[in-house]
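Report on the following structure.
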Amino acid sequence: MRRVEIYPSILSADFSRLGSEITDAERAGADGIHVDVMDGHFVPNLTIGPLVVRSIRPVSSLPYWAHLMITDPLRFAKDFRNAGVDGLTIHPETGTDLVSAVERIRGLGGGVGLALRPETPIDVLDPVIGMLDRILVLTVHPGFGGQTILKDVIGKIRRLRDRLEPLAKRPLIEVDGGIDPETTGSVIRAGADVLIAGQAVFGCPDRGKAVRMLRKAVERALSGPGPETH
Ligand code: DX5
Ligand code: ZN
C-alpha cells in the first residue's frame, strides 16, 4: 500500500506551549512538523521566524519543514536551515529565478520544495521539476489555518501526479489547507503523498485520535474504488 505521511501544521497549535504541542503531535504518530512562515507581505498574516524554530527544534526528532510564505525566501533560507529545519519550501510566485533559487537552497544541505498557490499552474515547475524533493499544492489561499478546501484544486493534484509519474526520482506531493478526515479521500485518490493538517490535528483535544482518523481516511481512500474524476 502507498505510504502517506502526515505533517501537522503548528499554525493551529497553542503558541503559549508550542514545545508540548509538538511532542503531543509526535506521540500521536505524526511523520513530521509543518512550520508556516509568513511575512505579512507575501500573505496577509505574520507568524514565526528562525528564532522560534531554533527554540522548538530540540523538542522532537521529527523532520521539520518550513513553508516559506515570504517575499524574499533566499534572504532567510540559511537562517532557517541554521535554526534546524530539515527542508525548505518556497513559492515561485515571489518572482525569484527558480533554477538558481532551488540550487541555492539545495546548497544549504536540506530538502527542497516548491509550493503553488491555488491559481498557479503546474507548468511553472517545468524548469526545476526534476530537482525537487517535494511539491506543495495549496488547497486554500495561503495565510490562515482553518479554511475550507478549494475543491477545484483536486484536478490540479491529479494532473501533477500524472506529470510526475514518469520521473525516475519523483518529488512527493504535499497538500496543504482544509485537510481533514472528510477531505482526505479526494486528495489521496488524486495522488497526494503528504497531508498537511493544522486545524484537523491541533483543533482536536485528542491528537492521537485526530491522526488516527486521518490515517483511517487514507486507508479507506486507498482501498476504495478507482480514481475520482473531479
Ligand atoms: C495556510 C498554511 C497551512 C495551514 C493549514 O496558509 O500554509 O499550512 O496551517 O491549516 P488547516 O489545515 O487548518 O487548513
Ligand atoms: Zn503551510
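Both ligands and their constituent atoms are indexed starting at 1 by order of listing.
Panel note: side chain Glu21, backbone Asp14; a donor-acceptor pair is recorded below 3.5 Å. Distance alone, capped at 3.5 Å, places no donor-acceptor pair between the Arg207 side chain and the Val211 backbone.
The distance from ligand 1 to the heavy atoms of Pro142 drops below 4.0 Å at these ligand atoms: 6 (O). In the vicinity of His67, heavy-atom distances shorter than 4.0 Å reach the ligand 1 atoms 7 (O). Near Met38, meaning under 4.0 Å from one of its heavy atoms, ligand 1 places the atoms 6 (O). Proximity to Phe144 (heavy-atom distance under 4.0 Å) selects the following atoms of ligand 1: 1 (C), 6 (O). Applying the 4.0 Å criterion to heavy atoms of Gly145 picks out, from ligand 1, the atoms 10 (O), 13 (O). Of all atoms in ligand 1, numbered sequentially from 1 with element shown, those under 4.0 Å from a heavy atom of His34 are 8 (O). Atoms of ligand 1 found under 4.0 Å from any heavy atom of Ala197 (numbered from 1 in listed order, with element): 12 (O). Of all the atoms in ligand 1, the ones that sit under 4.0 Å from a non-hydrogen atom of Met69 are 6 (O), 7 (O).
On a distance-only criterion, Gly143 and ligand 1 share at least one N/O pair closer than 3.5 Å. Residue-to-ligand polar distances keep Ala200 apart from ligand 1: every N/O pair is separated by 3.5 Å or more. Any N or O atom pair closer than 3.5 Å counts here, and Asp176 shares at least one such pair with ligand 1. Looking at Gly177 next to ligand 1, no N or O pair under 3.5 Å apart turns up.
Scanning the protein heavy atoms around atom 14 (O) of ligand 1, the nearest turns out to be Gly178 N, 2.8 Å. Gly146 N, 2.8 Å is the protein heavy atom nearest to atom 13 (O) of ligand 1. For atom 2 (C) of ligand 1, the nearest non-hydrogen atom of the protein is Asp36 OD1, 3.4 Å. Annotation: atom 9 (O) of ligand 1 to nearest protein heavy atom, Ser9 OG, 2.8 Å.
Among Gly198, Gly203, Ala115, Pro8, the residue whose heavy atom lies closest to atom 12 (O) of ligand 1 is Gly198.
Put simply, the side chain of Met131 does not reach to within 4.5 Å of the side chain of Val112, judged on heavy atoms. For the pair Thr94/Pro73, a side-chain contact is recorded, criterion being any heavy-atom separation below 4.5 Å from C-beta on.
Geometrically, Arg17 does not engage Phe202 in a cation-pi contact, judged by NZ or CZ lying under 6.0 Å from the ring centre and within 45° of the ring axis.
Considering CG of Leu108 and NZ of Lys78, their distance stands at 7.5 Å, rounded to 0.5 Å. In this structure, CG on Leu11 lies 10.5 Å from NE2 on His67, to the nearest 0.5 angstrom. Separation of atoms CD1 (Ile135) and CZ (Arg170) is listed at 9.0 Å; rounding is to 0.5 Å. Atom-to-atom distance recorded for Leu74:CG and Ile90:CD1 is 5.5 Å, nearest 0.5 angstrom.
Geometry about the Zn ion (ligand 2) gives an angle of 90° between OD1 of Asp36 and NE2 of His34, rounded in steps of 10 degrees. Angle OD2 (Asp176) to the Zn ion (ligand 2) to ND1 (His67): 90°, rounded to 10°.
Side-chain atoms of Thr47 and Asp36 form no donor-acceptor pair, as typed in the model, at a separation below 3.5 Å.
Residue Ile122 forms a side chain to side chain contact (heavy atoms under 4.5 Å, CB included) with just one option from Ile129, Leu164, Leu116, and that option is Leu116.
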_Please evaluate residues Asp193 and Arg161 with respect to the criterion salt bridge (charged side-chain N to carboxylate O under 4.0 Å, His left out), reporting the C-alpha separation (whole Å), side-chain torsions for both, the decisive distance (0.1 Å), and the verdict._
CA-CA 10 Å; Asp193 303 290; Arg161 181 68 189 235; 3.3 Å; yes

